[in-house]
Amino acid sequence: MRKRTRVLARTLAAAGTLAALTVATAAPALAAPAKAAAPTSVEQDIAQLYQDVEDLYNGLPPNALHGVDPLFQSPIPRPGQMKAHAGPIPGCTEGSLLTYANQLASQLSPTDSKALSALGAISQLYTQGVATDKSPQVFGTDGQYSGRASATIDKLRGFWDIESWNIQLVAWKGTDLGSQDKMVQTFKLGLDPKRAQEAGALATKVLYEVPAMQGGRNPLLTLNAFSAPADSLGGKRVMLGDGLLDVVNHLGYDDVSVEAVVGHEYGHQVDFAHKNYPNNESGEMGPDAYGGYFVAHAKGEAWNARTQQEVTYLDASIGDCFHSHGTPDQRKAAGAWGENQAVKQNNPNRIVPSATMIDRFQKEYPKLMPPATAALTASR
């Protein structure tokens with residue numbers, strides 16, 4: 001118990017003994033707030049794991065995360081993935097997928113959120129730097145999307161005119177956190193072997209001692225998708241999260257989820273192949289356009305107008321309001337533009353060269369931006 005304040009001590013000393021005893025009896029109710037409870041063993045484990053993950057990311061090679069950008073910004077910042085951006089854009093409403101993700105995040109306690117932040121970061125790093133498609137990949141929490149994912153990446157490899165044999169498609173699974181061996185391999189990317197062993201064991205322990213993690217099945221752990229270039233950790237790959245597929249299904253886009261998301265992420269590979277690394281919203285909106293072209297093209301998915309429209313609404317659902325990845329309207333417009341390129345071309349079987357598609361979109365991109373720019377200007 002804390003010592004009473006000097007003021008209270010002087011008051012007791014000045015009063016008679018009886019008065020002092022009376023005040024002293026009542027003092028606990030008037031005393032300063034009790035000292036905060038000591039951290040529980042679980043909280044201590046989470047704090048240590050978070051530090052381990054931070055040190056891991058700090059120990060990675062400088063180019064490890066080069067060019068790797070999420071499909072959208074997670075509502076739970078993670079070590080190594082924190083990114084500042086301007087905003088918010090006045091009058092903008094974020095997409096339905098982001099809204100739902102934020103709702104899920106708001107249900108977590110601060111302790112749960114910190115655990116998820118550390119575990120999500122380490123599971124992502126495992127998928128990027130350790131996992132390989134040389135072992136069978138299982139897409140979806142129950143493997144329900146494996147066939148579609150394999151078919152989509154095979155079709156994309158033959159669709160775009162870029163080097164494709166070495167672009168891996170890897171499943172990002174929260175349940176991999178339950179494998180101590182996988183976690184140790186991941187921590188060895190940036191920590192010494194002894195500490196990696198300890199951190200790997202701790203990651204698996206935290207996964208199961210925090211009920212909100214659902215043994216790796218909390219969708220927030222893997223609620224995203226990524227594409228990585230050749231010079232980043234693990235080389236060229238597309239990473240597809242189980243949590244993202246679950247949430248997209250919940251929102252009603254299951255018919256197009258795998259093909260649209262993998263088509264978008266492969267669109268980043270198109271940019272990477274031409275060393276196109278935009279530092280504005282076109283970095284995400286371009287792949288929306290290339291993905292739209294793929295799903296609408298006769299040699300791609302050849303989807304009809306209704307299904308094409310569903311893809312554009314999925315694009316809109318991941319739009320943000322922070323001058324980061326594009327607003328819902330902008331992302332929807334980018335996807336629709338790509339679809340129109342396929343629908344309106346004279347020869348439906350001709351595939352526009354990827355370099356040409358990039359040039360065309362970069363010319364179109366400024367036309368997609370005025371709504372947000374005008375709103376920002378009006379607010380000043």
Salt bridge flag under 4.0 Å for residues Asp192 and Arg195:
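Looking at Asp192 and Arg195, the cut-off is not met.
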Considering only Ile, Leu, Val, Met, Phe, Trp and Tyr, and joining two whenever side-chain heavy atoms are under 4.5 Å apart, list the other residues clustered with Tyr277.
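Same cluster as Tyr277: Phe272.
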Do [X] and [Y] have a side chain donor and acceptor closer than 3.5 Å?
X      : Y      : answer
Asn280 : Ser282 : yes
Gln308 : Asn304 : no
Gln107 : Asp112 : no

The criterion is ring pair (Phe, Tyr, Trp, His ring centres under 6.0 Å); which residues satisfy it with Trp303, sequence neighbours excluded?
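Partners of Trp303 by the ring pair (Phe, Tyr, Trp, His ring centres under 6.0 Å) criterion come out as none, since no residue qualifies.
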Report the residues that fulfil ring pair (Phe, Tyr, Trp, His ring centres under 6.0 Å) with Phe139, sequence neighbours left out, ordered by chain and then residue number.
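Scan of Phe139 (ring pair (Phe, Tyr, Trp, His ring centres under 6.0 Å), adjacent residues dropped) gives none.
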Heavy-atom closest pair, residues Gly120 and Trp172:
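The pair with the smallest heavy-atom distance is O-CZ2, 3.9 Å.
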Contacts of Asp288 that satisfy side-chain hydrogen bond (donor to acceptor under 3.5 Å, both in side chains) - sequence neighbours left out:
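Only His264, Arg331 meet the side-chain hydrogen bond (donor to acceptor under 3.5 Å, both in side chains) criterion with Asp288.
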Backbone of [Y] reached by a side-chain donor or acceptor of [X] within 3.5 Å:
X      : Y      : answer
Ser150 : Ser146 : yes
Arg78  : Ile122 : no
Gln168 : Asp133 : yes

Test side chain to side chain contact (heavy atoms under 4.5 Å, CB included) applied to [X] - qualifying residues, sequence neighbours left out:
X      : answer
Lys299 : Phe159, His297, Asn349, Ile351
Thr93  : none
Ser106 : none
Ala336 : Thr312

Could you give all pairs that pass the side-chain hydrogen bond (donor to acceptor under 3.5 Å, both in side chains) test and reach residues 180-190, with sequence neighbours left out?
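Passing the test, one end in residues 180-190: Asp176-Lys182, Asp181-Gln185.
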Scan for side-chain hydrogen bond (donor to acceptor under 3.5 Å, both in side chains) pairs involving residues 222-231, sequence neighbours excluded, and state none if there are none.
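Listed once each, the pairs are Ser227-Gln269.
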If a pair satisfies salt bridge (Lys or Arg N to Asp or Glu O under 4.0 Å) and one of its residues is in residues 350-365, list it, with sequence neighbours excluded.
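Those involving residues 350-365 are Glu364-Lys367.
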Distance (rounded to the nearest 0.5 Å) between Leu71 CG and Ile318 CD1:
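The distance works out to 3.5 Å.
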Disulfide (SG to SG under 2.5 Å) pairs, two or more places apart, involving residues 89-186
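Passing the test, one end in residues 89-186: Cys92-Cys321.
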